[in-house]
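Nothing fancy with the numbering, it's 1 onward along the sequence. Every heavy atom of this structure was used, including side-chain atoms; hydrogens, water molecules and symmetry mates were not.
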Amino acid sequence: VQLQASGGGLVQAGGSLRLSCAASGRTFSSYVMGWFRQAPGKEREFVAVINWSGSSTFYADSVKGRFTISRDNAKNTVYLQMNSLKPEDTAVYYCAARGTWGIDTYGYQYWGQGTQVTVSS
């Protein structure tokens, strides 16, 4: 599966952005989808994950209550709604796909190209 992330940009602290990740292929619903981020000089970190049907989600503590992951299997797209953004949310955000449930980076087989999110104070 090929993944294309979009929706990043520059926003002030307290603002919102919605990231999208469009997937190619007919088997999108067979993948667990995750969002990760990587800030300059830091390792890539888990942000959120959603299961195949969208009925189950899990978030990193740092974004819980502010970010919402969702998916539309009819549109082969996963979303990340980001509210109450903080300067520390600044990073390149990546979407990724795997066949089984999990949040470890190495378990994701497919990655999008990343989209930059910059939050100004």
Side-chain angles (χ1 to χ4, degrees):
V1 62
Q2 292 184 323
L3 304 174
Q4 180 77 34
S6 62
L10 174 63
V11 64
Q12 289 188 331
S16 298
L17 281 175
R18 188 176 83 153
L19 306 183
S20 298
C21 175
S24 65
R26 307 176 189 175
T27 59
F28 177 70
S29 60
S30 65
Y31 291 100
V32 169
M33 298 299 298
W35 284 99
F36 292 77
R37 65 186 182 187
Q38 188 166 18
K42 295 187 176 181
E43 292 188 354
R44 191 170 298 187
E45 65 174 3
F46 165 77
V47 174
V49 62
I50 189 167
N51 72 345
W52 307 266
S53 66
S55 62
S56 183
T57 59
F58 184 76
Y59 299 91
D61 287 343
S62 58
V63 307
K64 198 174 297 182
R66 300 188 298 122
F67 290 12
T68 301
I69 188 171
S70 62
R71 67 190 297 163
D72 186 338
N73 286 343
K75 295 183 178 179
N76 283 8
T77 303
V78 61
Y79 305 97
L80 186 68
Q81 177 67 44
M82 305 185 295
N83 299 329
S84 302
L85 282 161
K86 305 175 181 179
E88 51 263 44
D89 294 319
T90 295
V92 177
Y93 283 71
Y94 299 89
C95 58
R98 62 185 290 167
T100 57
W101 179 262
I103 65 172
D104 57 294
T105 305
Y106 299 104
Y108 284 80
Q109 302 154 288
Y110 305 101
W111 291 84
Q113 87 289 359
T115 184
Q116 176 71 47
V117 172
T118 303
V119 184
S120 63
S121 57

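The aromatic rings of Tyr93 and Phe67 sit tilted, their planes meeting at an angle between 30° and 60°. Aromatic ring orientation, Phe46 versus Phe58: parallel (interplanar angle below 30°, classes split at 30° and 60°).
Under a 3.5 Å cut-off, the side chain of Thr57 and the backbone N or O of Ile50 do not form any donor-acceptor pair. In terms of modelled atom types and a separation under 3.5 Å, the side chain of Trp101 and the main chain of Trp52 share no donor-acceptor contact. A donor-acceptor pair under 3.5 Å is formed between the side chain of Arg66 and the backbone N or O of Ser84. With hydrogens and angles ignored, the 3.5 Å screen pairs no side-chain donor or acceptor of Ser55 with any backbone N or O of Ser53. Not one N or O on the side chain of Ser29 forms a donor-acceptor pair closer than 3.5 Å with the backbone of Asn73. Tyr108 places a side-chain N or O within donor-acceptor distance of the main-chain N or O of Gly102, the cut-off being under 3.5 Å. Not a single donor-acceptor pair under 3.5 Å links the side chain of Gln38 to the backbone N or O of Ala91.
Contact between Ala23 and Leu3 at its shortest, heavy atoms only, is CB-CD2, 3.6 Å. Between Arg98 and Asp104, the shortest heavy-atom distance links the atoms NH1-OD1, 2.9 Å.
In this structure, Glu88 has no salt bridge (Lys or Arg N to Asp or Glu O under 4.0 Å) partners at least two apart in sequence or on a different chain. Applying the salt bridge (Lys or Arg N to Asp or Glu O under 4.0 Å) criterion to Arg37, with sequence neighbours excluded, gives Glu45, Asp89. Residues meeting the salt bridge (Lys or Arg N to Asp or Glu O under 4.0 Å) test with Arg18, sequence neighbours left out: none.
For Lys64, the NZ atom sits in a packed shell: over 12 heavy atoms of surrounding residues, nucleotides or ligands are nearer than 6.0 Å.
The one candidate from Leu80, Leu17, Leu10 that meets the side-chain contact (heavy atoms from CB on, under 4.5 Å) condition with Val117 is Leu17. When each of Asn51, Val1, Val78 is checked for a side-chain contact (heavy atoms from CB on, under 4.5 Å) with Tyr31, only Val1 meets the rule.
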